[in-house]
Every structure is written in C-alpha cells, then in structure tokens.
2 protein chains.
Amino acid sequence: MGAPIAHDALHARLEAYMSKKGLRSTGQRRTIADAFFGGPRHITIEELLVRARTNDPRIGYATVYRTLKLFTECGLATEHDFGDGPTRYEVAIDGEADHHHDHLICLECRRITEFHDEEIEGLQERLARRLGFEIESHKHEIYGVCEACRKASAQKKR
Amino acid sequence: MGAPIAHDALHARLEAYMSKKGLRSTGQRRTIADAFFGGPRHITIEELLVRARTNDPRIGYATVYRTLKLFTECGLATEHDFGDGPTRYEVAIDGEADHHHDHLICLECRRITEFHDEEIEGLQERLARRLGFEIESHKHEIYGVCEACRKASAQKKR
DNA sequence: GTAATTGCAAATGGTTTGCATGTAA
DNA sequence: TTACATGCAAACCATTTGCAATTAC
C-alpha cells in the first residue's frame with residue numbers, strides 16, 4: 001500500500017505554493033514533508049529531525065526550522081507553544097478543509113486532546129466584535145489533569 | 001497623599017506569604033513589589049527592572065526574575081506570554097478578590113485589552129468535564145486588529 | 001551564627017542567522 | 001547560470017543557575 005491519499009493532496013498543495021512563490025522543490029523539503037504528514041500530531045522540531053533523518057541522515061537542524069516555517073506560511077502547519085519546552089507543529093488540514101480546533105493539555109502526562117466548540121467560537125466572535133476587534137486568530141488552551149492521571153494519583157495515595 | 005490602599009493590602013499579602021514560608025523580607029523584594037504594584041499592567045521584567053532601579057540602582061536582573069517568580073507562586077502575579085518577546089506580568093488581585101480575565105491582543109499596536117465572559121467560562125468548564133478533565137488553568141487569547149488600527153490603516157490606503 | 005538572598009557572570013535551551021558551498025530551474 | 005537552499009557553527013534572546021559575598025532573622 002502507498003501513502004494515504006491525504007498525503008498526496010498535502011504534497012500537491014505544498015508544490016503549488018512553492019512554485020507560485022518561486023521557491024524550489026528540494027529533496028530535503030519533500031523528505032521533511034513526508035516525515036511531517038506521516039508523523040504524530042503535535043510534533044517538535046527535534047522529533048521531526050529524527051524522523052526525517054531516517055530517510056536522509058544529512059538533513060540539518062536549521063533546515064527543519066526553515067521548512068516548518070515555510071509550511072506554516074503556506075497554511076499546511078500550525079505552531080503551538082504549550083508552555084513547556086519547544087514549539088509543537090501540527091498538520092493544519094484534514095482532507096480538503098481547514099480543521100480548526102483548540103487544546104486541552106494534561107499537566108501530568110502532557111497528553112494533548114483537541115476540542116472544538118462552535119458555541120464558544122461564536123461567543124468569542126461576538127465579544128471581539130463588540131470591542132471593535134477584528135479577529136485574526138486565537139489561542140484557547142485548557143490546562144488540567146486528565147481522567148487517567150487523576151485515577152492513577154488517587155491509586156497512589158492510598 | 002500616600003500609596004493607594006490596595007498597595008498596602010498587596011504588600012501585606014506578600015509579607016504574610018513570606019513569613020509563612022520562612023522567606024525573608026528584603027529591601028529588594030519590597031522595592032520590586034512597589035515597582036510592580038504601582039506600574040503599568042502587563043509589564044516585562046526589563047521594564048520592571050528599570051522602574052525598580054529608580055529606587056535602588058543596584059538591583060540585578062536575576063533578582064527581578066526570582067522575585068516575580070515568587071509573586072507568581074504566592075498568587076500576586078500572573079505570567080502571560082503573548083507570543084512576541086518576553087513574558088509579561090500582571091497584578092493578579094484587585095482589591096480583595098482574584099480577578100480572572102483573558103486577553104485580546106492587537107497585532108498592530110500590541111495593545112492589550114482584558115475581557116471576561118462567564119458564558120465562555122461555563123462552556124469551557126462543561127466541555128472539560130465532559131472529556132474527563134479537571135481544569136487547573138486556562139489561556140484564552142484573541143489576536144486581531146483593534147478599531148483604532150483598522151481606522152488608521154483604512155486612512156493610509158486612500 | 002546560620003540559612004536565605006543577592007549580584008554577577010556564565011550556562012542553558014530554543015530558535016535564528018551569516019556565510020561558503022551546493023543545486024534546482 | 002543564477003537565484004534559491006543547505007549545513008554548519010556562531011549568534012541571539014529570554015531565562016536560569018552556580019557561587020562567593022552579603023544580610024535578615
């Protein structure tokens with residue numbers, strides 16, 4: 001079996017953006033794109049470098065940074081800083097459509113859960129408008145303890 | 001006229017926390033506290049250092065960092081990273097009560113507007129609970145362009 | 001007197017940049 | 001052939017830390 005269909009679409013989108021901007025389609029960029037599209041969500045530069053190097057060991061740090069910045073510019077990636085260590089990147093597109101969502105972060109196991117709530121989005125939009133603001137983007141992160149970790153620590157206490 | 005009443009209450013709270021924890025009330029800490037309580041909202045370490053040094057020129061960088069960490073621990077300050085440059089700190093207490101709120105940030109003039117919406121807070125709480133999460137804190141930041149900046153750039157375009 | 005605190009300078013960690021070399025178009 | 005891209009190392013920036021000197025209690 002080949003790469004999932006979605007990957008082809010993502011690669012195509014990247015190629016289109018690069019040619020439109022007069023940028024070049026290089027082996028490194030394709031390798032990093034593969035690693036990114038096929039990797040876990042909320043991946044760090046470091047993790048991505050390791051993944052990319054399994055296909056091309058000579059890829060450098062700076063190239064991964066520059067490439068992910070490129071992906072972010074063209075809308076394929078979004079950056080998130082969850083307050084510990086390095087920025088994490090996720091694929092911004094699911095099939096054809098943008099896939100906006102926010103995050104819950106477990107402070108114990110650091111697992112990230114995605115959520116989307118139209119009601120909150122709507123209230124936020126109205127609130128901003130009322131204050132004369134035109135929304136460009138937003139960041140809504142909820143930090144807490146997930147069910148599994150709460151159970152585990154209840155266990156430990158007895 | 002003396003310092004506003006609120007400052008005394010804040011200082012008292014700090015003193016109480018320090019003595020409870022066996023920490024010492026030093027000149028530097030009091031000076032930095034003054035600078036913080038009396039300064040602008042959303043202040044940076046750098047700005048705070050400048051303010052503090054007008055009262056005591058020998059205060060060092062590291063001390064301001066350590067002191068603001070202390071204020072944060074004892075609930076007098078909250079930290080915010082608005083995505084550009086350094087962390088900003090604000091006084092967390094308004095009179096006697098905690099004063100939770102979120103922020104709108106203008107991407108052009110970088111002005112910060114505070115907001116609080118009980119409806120959003122409630123939805124967020126229910127959503128987290130539904131996902132098995134116990135909320136510890138959250139961060140809700142809206143980035144956009146404020147009314148003044150939109151008008152200014154509309155002006156410029158003609 | 002003794003443990004906490006300070007100031008300084010050096011270390012850290014994530015990210016960016018300058019530059020000589022390499023390569024896609 | 002000529003911009004653009006890469007890899008490396010050095011630079012950067014905010015923040016933290018080790019340590020000797022100082023100070024609060």
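Proteins get letters first, then strands, A, B, ... in listed order; numbering begins at 1 in each. Given the structure is predicted, the values throughout are model-derived calculations rather than measurements.
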Quick check on [N]: is either OP1 or OP2 less than 4.0 Å from any side-chain nitrogen or oxygen of [X]?
| X | N | answer |
| --- | --- | --- |
| Tyr65(B) | dT16(D) | no |
| Thr26(A) | dA24(C) | no |
| Thr87(A) | dT15(C) | yes |
| Arg24(A) | dT6(D) | no |
| Arg29(A) | dT6(D) | yes |
| Gln28(B) | dT22(D) | no |

Report the distance from atom [atom1] of [X] to atom [atom2] of [N], rounded to the nearest whole Å.
| X | N | atom1 | atom2 | value |
| --- | --- | --- | --- | --- |
| Tyr61(B) | dA11(C) | OH | C1' | 17 Å |
| Leu48(B) | dA14(D) | CG | C1' | 15 Å |
| Arg88(A) | dT15(C) | CZ | C1' | 16 Å |
| Arg53(A) | dT6(D) | CZ | P | 14 Å |
| Leu68(A) | dT16(C) | CG | C1' | 14 Å |
| Glu73(A) | dC4(D) | CD | C1' | 14 Å |
| Glu15(A) | dA24(C) | CD | P | 13 Å |
| Leu49(A) | dG13(C) | CG | C1' | 16 Å |

> Sub-3.5 Å donor-acceptor pair from the side chain of His138(A) to the main-chain atoms of His140(B), do we have one?
Replying inline: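 No, because the side chain of His138(A) does not come within donor-acceptor range (under 3.5 Å) of the backbone of His140(B).
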>> Can you tell me how the ring of Phe82(A) sits relative to the ring of His80(A), calling it parallel under 30°, perpendicular over 60° and tilted otherwise?
In response: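 Rings of Phe82(A) and His80(A): parallel, under 30°.
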Around [X], counting heavy atoms of other residues, nucleotides and ligands shown, do more than 12 lie under 6.0 Å from its [atom1]?
| X | atom1 | result |
| --- | --- | --- |
| Arg41(A) | CZ | yes |
| Glu46(B) | CD | no |
| Glu119(A) | CD | no |

> If you find the nucleotide of DNA chain C closest to Leu23(A) and the one closest to Gly85(A), which residue's nucleotide is nearer the 5' end?
Replying inline: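 Here Gly85(A) is the residue nearer the 5' end.
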>> Assuming nearest nucleotide by heavy-atom distance, tell me which of Tyr89(B) and Arg66(A) is located more 5' along DNA chain D.
In response: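 Result: Arg66(A).
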